[in-house]
Number of protein chains: 2
Amino acid sequence: MSRLAADASVFHAIADPTRRAILDLLREGEQTVSAMFEAIRKRVRKMTQPAFSQHLAVLRGAGLVSVRREGRHRLYSFRFAPLEEVVDWVAHYEAFWSEKLDNLSRYIDRSPKRVKRKGTS
Amino acid sequence: MSRLAADASVFHAIADPTRRAILDLLREGEQTVSAMFEAIRKRVRKMTQPAFSQHLAVLRGAGLVSVRREGRHRLYSFRFAPLEEVVDWVAHYEAFWSEKLDNLSRYIDRSPKRVKRKGTS
DNA sequence: TTGACACATAAGCAATCGATGATATATTAC
DNA sequence: GTAATATATCATCGATTGCTTATGTGTCAA
C-alpha cells in the first residue's frame, strides 16, 4: 500500500511528461478516465490502462486532481492548489526574473501564506 | 556516458529536493562546490562528495547552473532560463490562477517567445 | 616532481519508477 | 442472477535513480 504514495511531492508528480499531458488535458474541464486515456494514447503515447491508472493515482496523491463518481465513470478535474508550491518556489528567484515578472513574484511572496483565491479587492 | 545526461528535463532536475536546495543556495550568488557541499551537508542532508557532484552534473545537464573555473575551485552560478519552461507550463493554467496572478500569466503568454530579460521599456 | 587539494567520473548496488498482464471492484444492462 | 463496462489494484519485471567506494584529472604549493 505504499507503492503509489511513495512520494507525494508535486515536483515529483509533474516530473513525468505523461502526467503533465494528463493535467494539460484537464484544462478543458472535467473528463472521464476513458476519454483521457484515449486522448493520451492518440496524442502522446501508447500505454496500457493500468499504466494510465497509476499515473492518475500519482496525480491524486499529489492533490493535483480530484475525482467525482458518476455512474460507472469517474470524472477527474484539475486542482491548481498544489502547483502553488511550484509557483512559490520559482517565484523566490525574484532577482532572476525579468523586471515585469518581478511584480508578480513579489505579490506572491507577500501573499497571506500561499496564493489563495480571494476577492479582487 | 549516458548515466548523467539521461533526462535533461528541467522538470526532472527540480524534482529532487537536494537539487532544489542547491539552487536555493545559489540565489545568494556564485559559490564554490565545497562551500555548497558544506552548506548542504549541514543544513539539508549528509552525503558524500561524489553524490553531491552528481547532483551538480544533473543541474548542469538541465542548464540550471553555469560553471567557471578559478584556480582549483569551480564557481557555480544559477541560471534562470530553463525555469522559464516551468513558468510557461504553470502559466498556461491561466484559468485556475487567482485573478491577480492572472495578469502575470497573461503577460508571460504574450511574451516574444519565452520571457526574456529586456529593458523596462 | 611530489604531494595536497578541489572536483569529476567510474563501477557497482539497493531502492524506486513506470510498464505489463492478471485480477478485483463497482455500476449498469439484460 | 449474469454479462459487459469502467476503473483500480496486485504482482512482477526491467530501467532508472541516487548512493557509496574507488579512482581520475587539473591546479597550487613546496
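Residue numbers begin at 1 in each chain, while the letters A, B, ... track the order of the sequences.
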How many whole angstroms separate atom [atom1] of [X] from atom [atom2] of [N]?
X: B:Arg45; N: D:dG18; atom1: CZ; atom2: C1'; answer: 9 Å
X: B:Lys46; N: D:dT21; atom1: NZ; atom2: P; answer: 15 Å
X: B:Ile22; N: C:dC7; atom1: CD1; atom2: C1'; answer: 14 Å
X: B:Phe52; N: C:dA6; atom1: CZ; atom2: P; answer: 14 Å
X: B:Arg68; N: C:dA6; atom1: CZ; atom2: P; answer: 17 Å

Legend entry - For A:Asp16, all residues meeting side chain to side chain contact (heavy atoms under 4.5 Å, CB included), sequence neighbours excluded: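 A:Asp16: side chain to side chain contact (heavy atoms under 4.5 Å, CB included) contacts with A:Thr18, A:Arg19, A:His55.
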Legend entry - Listed partners of A:Glu28 passing side chain to side chain contact (heavy atoms under 4.5 Å, CB included), at least two apart: A:Gln31, A:Arg43
Inset, instruction - Check step by step if side-chain contact (heavy atoms from CB on, under 4.5 Å) holds for A:Val33 and A:Gln49. - result: CA-CA 9 Å; A:Val33 173; A:Gln49 179 267 322; 5.7 Å; no
Inset, instruction - Could you tell me whether B:Tyr76 contacts a base, only the sugar-phosphate backbone, or nothing, with contacts defined as non-hydrogen atoms closer than 4.0 Å? - result: sugar-phosphate
Between protein and nucleotides 21-30 of chain C, what N or O pairs are separated by less than 3.5 Å?
residue: C:dA26; atom: O3'; partner: A:Arg69; partner atom: NH2; Å: 3.4

Inset, instruction - Check whether any side-chain heavy atom of B:Leu83 sits under 4.5 Å from a side-chain heavy atom of A:Trp89, and report yes or no. - result: yes
Legend entry - ring-ring contact (aromatic ring centres under 6.0 Å, His included) contacts touching residues 15-53 of chain A (sequence neighbours left out):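 Listed by first then second residue: A:Phe37-A:Phe52.
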Show every donor-acceptor pair shorter than 3.5 Å between a side-chain atom in residues 61-72 of chain B and any protein atom, with sequence neighbours excluded, or say none if there are none.
residue: B:Ser66; atom: OG; partner: B:Ser77; partner atom: OG; Å: 3.4
residue: B:Arg68; atom: NE; partner: B:Glu30; partner atom: OE2; Å: 2.7
residue: B:Arg68; atom: NH1; partner: B:Glu70; partner atom: OE1; Å: 3.0
residue: B:Arg68; atom: NH2; partner: B:Glu30; partner atom: OE1; Å: 3.0
residue: B:Arg68; atom: NH2; partner: B:Glu30; partner atom: OE2; Å: 3.2
residue: B:Arg68; atom: NH2; partner: B:Glu70; partner atom: OE1; Å: 3.4

Legend entry - Test side-chain contact (heavy atoms from CB on, under 4.5 Å) applied to A:Tyr93 and B:Arg27, step by step: CA-CA 7 Å; A:Tyr93 289 89; B:Arg27 276 193 291 152; 3.2 Å; yes
Compare side-chain N and O positions of [X] against OP1 and OP2 of [N] and report whether any pair is under 4.0 Å apart.
X: A:His12; N: C:dC17; answer: yes
X: B:Arg19; N: D:dG18; answer: yes
X: A:His73; N: D:dT5; answer: no

Legend entry - Minimum-distance pair of heavy atoms, taken over all atoms of A:Val10 and A:Pro82: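 For A:Val10 and A:Pro82, the tightest heavy-atom pair comes out as CG2-O, 3.5 Å.
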Legend entry - Neighbours of DNA chain D within residues 30-41 of chain A, by heavy-atom distance under 4.0 Å: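 Residues of residues 30-41 of chain A that come under 4.0 Å of DNA chain D are, in numerical order, A:Thr32, A:Val33, A:Ser34.
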Inset, instruction - Starting from the C-alpha separation in whole Å, work towards a yes-or-no answer on side-chain contact (heavy atoms from CB on, under 4.5 Å) for A:Leu56 and A:Arg74. - result: CA-CA 11 Å; A:Leu56 291 179; A:Arg74 299 189 192 197; over 6 Å; no
